[in-house]
Number of protein chains: 2
Amino acid sequence: MKPTIKDIAAKTNLSIATVSRVLGHKQGTYSAKAEAKVLQAARELGYRKNTVAVELVKKRADVLAVIINATPTNFSTDIIDGIQERAGQLGQQVIILYAGNREAPLQHQAINTALQRNVSGILLVAIEPDATDRELLQAAQVPFCFVSLNLDDQNIKSVSSNNHDLAYQATEYLIAHGHTRIGLAGIDDYHTGRQRLAGYQAALANHQIMADPAWVQRGNYSYQAGQAALSPYRSLGVTAVLAASDMVAAGLLTAAQGQHLTLPQDLSIVSIDGTIICDITTPALTSVTQDFREIGRQGVNRVMGQAAQTIIPVTLTERASVAELDQLETK
Amino acid sequence: MKPTIKDIAAKTNLSIATVSRVLGHKQGTYSAKAEAKVLQAARELGYRKNTVAVELVKKRADVLAVIINATPTNFSTDIIDGIQERAGQLGQQVIILYAGNREAPLQHQAINTALQRNVSGILLVAIEPDATDRELLQAAQVPFCFVSLNLDDQNIKSVSSNNHDLAYQATEYLIAHGHTRIGLAGIDDYHTGRQRLAGYQAALANHQIMADPAWVQRGNYSYQAGQAALSPYRSLGVTAVLAASDMVAAGLLTAAQGQHLTLPQDLSIVSIDGTIICDITTPALTSVTQDFREIGRQGVNRVMGQAAQTIIPVTLTERASVAELDQLETK
DNA sequence: CTGAAAGCGCTAACAA
DNA sequence: TTGTTAGCGCTTTCAG
């Protein structure tokens, strides 16, 4: 039914080998006449190459698999844009596999799907691998790279912002604005969260601020986590919070407004990510902004073996969610 | 290098046929003993089935391709959740192909990629097909379905909200709240935009409101489009705007606040979509809320041939962005 | 219940 | 420059 190179061969009185050559653009191995005939026949028959067959014989698919989960955050489109851009330049197709909401079986399944198709590389976006995931990945002879997540293991490829530095910068910024009772909200208890926690603690320690452990409210980077974090802070006299993501910041902000707090006077917020969410809230959120597009691009480079373990710099974007504390009275 | 069924056959002294049968779970065609031997050998060898080979011989891939573009909106994750959920139930894998930002070549490429892999179906999420896209799709013997977009052609499968009704409801709501000078912002000039425009116009006509054409500000559903729409409205005495998406509404809202308008008193907004963006803004956005998850689920049903052309109902979610106009003075 | 053998659509030696 | 041929790894008749 669907035409194959055989049909083209029959129609042109050429061998399938010649047809394959012109369709594969093996320049110099066929005559202009053969080329013309094949191309025309292909057009007439509505021929389309069967990629599956090609992949089988070549034992290689020029495909990058991107495994991604439904993070409660919203930065993944930028990362994917970056991936797509660079992958296109390197002649790789991109297929995105979806791993649900941190659901282990779906993560395994996505990895297996990628592996079973001999993709040329796997990019794991914001995925915390469990033991099974790591085994699957290690056992296969396929390059993989964690993107927007750093496993602390120099031997495992990754591209991300420097989470320690990122939290450190944000905390320093708040301290520079007179805050000393500073919360950290919404981080998880895995690599990213722990790295950010360390940066936050380092900045506080750097200024001899004795942190109250209750200043750290864990969560999953979601809007809901931000909302939940507010009320504990109110009794702690916290004047500023570093939010683990824009979504956490937004949750914190709407919860605060629900309690009739005035921002930033009653509560300053610095957010991590710097997506468009920061512009949408009132007041706009000051953020440590990650370069997600570049993270995506470099992820491709890394998995295609063109770059070393990579840290992408962040920038601090001042908007309107931090108050200078000097002239204000701490509660 | 990578083990194949041949290796398992050699190791177990069985034929590759038998190995294939147990690995394919062709129950009743092999003995328990054979099964045990094969399974163990497979485990020991770290065998993983080569999906590409299977797809070649079966001439069929149990894969649904989802083609999606980087819409400036943000509802796609919900749709994908729904797709994934239903696809899983039907034993279909899902691969997501990314079509850039309404870029024709990338759209063709994504469609071709799907077609070249004989996927069992193609779901196009919020994709406006051009002539080439439609030809490609029609020519192939692969079921496809537009999701969150309705082409007005009863013969083409689609699942979406009723755009006419959705705009009609929103407009009626504003009229019921005393508004008569009502804008429509951010719609595109394709199917979705035109359908919503018609619904908006129908509601106005229904109340003998003579609409000023300038009340309609076109755009691409983006935050920027919302921001750009504000200033024209100020000179037109518009008291309320129906925003074509949550992002448009957010843009409108921040632009209005930038002009020191008080919302909703100075400008009421109803948004279309009802994503989490509506909760994040101040005031929260009243919206006509689409059931994106269900749209995704039904998209799978439709493409797998289990449902007819489908309209998913919407609901109006009242939040805080619409003022009752009775007791207020129109500018 | 098991094995032998024929392909799926294509590429890549190897000959001609 | 072109054709012949042998597979890629798997499923599936058809015999046994």
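Excluded from the calculations below are hydrogen atoms, water molecules and symmetry mates; all remaining heavy atoms, backbone and side chain alike, are included. Reminder, nothing fancy here: chain letters follow the sequence lines and each chain counts from 1.
In this structure, CD1 of A/Ile5 is placed 11 Å from P of C/dA12, rounded to the nearest angstrom. Between the P atom of D/dC8 and the CD atom of A/Gln116 lies a distance of 20 Å, rounded to the nearest Å. With rounding to whole Å, B/Ile16 atom CD1 is found 15 Å from D/dT13 atom P. Rounded to an integer number of Å, the gap from CZ of A/Arg21 to C1' of C/dA15 is 11 Å. What separates NZ of A/Lys58 from C1' of C/dA13 is a distance of 15 Å, to the nearest Å. Straight-line distance from the NZ atom of A/Lys26 to the P atom of D/dT1: 16 Å, rounded to whole Å. Atom CG of A/Leu14 is separated from atom C1' of C/dT11 by 17 Å (rounded to the nearest Å). Distance, B/Asn50 CG to D/dG9 P: 7 Å, rounded to whole Å.
Under a 4.0 Å N-O distance rule, the pair A/Arg60/A/Asp62 qualifies as a salt bridge. Taking a cutoff of 4.0 Å between a charged side-chain nitrogen and a carboxylate oxygen, B/Glu85 and B/Arg293 qualify as a salt bridge. Note on A/Glu35 versus A/Arg21: no salt bridge recorded, every NZ/NE/NH1/NH2 to OD/OE distance being 4.0 Å or above. With salt bridges taken as basic N to acidic carboxylate O contacts below 4.0 Å, none links A/Arg117 and A/Glu55.
Residue B/Thr29 is classed as a base contact, given a heavy-atom separation below 4.0 Å to a base. Residue-level contact check: B/Ser31 touches the backbone only, with heavy atoms under 4.0 Å from sugar-phosphate atoms and none from bases. Counting any heavy atom pair closer than 4.0 Å across all strands shown, A/Gly24 reaches no nucleic acid atom. Nucleic acid contact for B/Asn13: sugar-phosphate only, since backbone atoms but no base atoms lie under 4.0 Å from a heavy atom of the residue. No engagement by A/Asn118 is indicated, since no non-hydrogen atom pair under 4.0 Å with the nucleic acid exists. Residue contacts for B/Leu23: at a heavy-atom cut-off of 4.0 Å it reaches no nucleic acid atom on any strand shown.
Within 3.5 Å, no donor on the side chain of A/Arg48 pairs with an acceptor on the base of C/dG9, nor the reverse.
Minimum atom distance to the side chain of A/Val57 is reached by C/dC10, of the listed C/dA13, C/dC8, C/dC10. Each of C/dA12, C/dG3, D/dG9 was ranked by its minimum atom distance to the side chain of A/Lys59; first place goes to D/dG9. Nearest nucleotide to the side chain of B/Tyr47, out of C/dC8, D/dC10, D/dC14: D/dC10. Listed nucleotides C/dT11, D/dT11, C/dG3 differ in distance to B/Val54; the shortest reach to its side chain belongs to D/dT11.
A/Gln195 contributes no side-chain N or O that, together with a main-chain N or O of A/Leu149, makes up a donor-acceptor pair within less than 3.5 Å.
For the OP1/OP2 pair of D/dT11 and a distance below 4.0 Å, the side-chain nitrogens and oxygens of B/Lys49 include at least one atom meeting the criterion. Listed pair B/Ser20 / D/dT11 meets the phosphate criterion, a side-chain N or O lying under 4.0 Å from OP1 or OP2. Checking the phosphate oxygens (OP1, OP2) of C/dG9, no side-chain nitrogen or oxygen of A/Lys6 falls inside 4.0 Å. Remark: B/Tyr30 is not in phosphate contact with C/dG3, judged by side-chain N or O atoms under 4.0 Å from OP1 or OP2.
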Go through the steps to decide whether B/Thr310 and B/Gln298 satisfy the test side-chain hydrogen bond (donor to acceptor under 3.5 Å, both in side chains), and finish with yes or no.
-> CA-CA 7 Å; B/Thr310 311; B/Gln298 294 299 333; 4.7 Å; no
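In terms of position on DNA chain D, the residue among B/Ala53 and B/Thr18 whose nearest nucleotide sits closer to the 5' end is B/Ala53. Residue B/Ser15 is the one, among B/Ser15 and A/Ala17, whose nearest nucleotide of DNA chain C lies closer to the 5' end (criterion: closest heavy atom).
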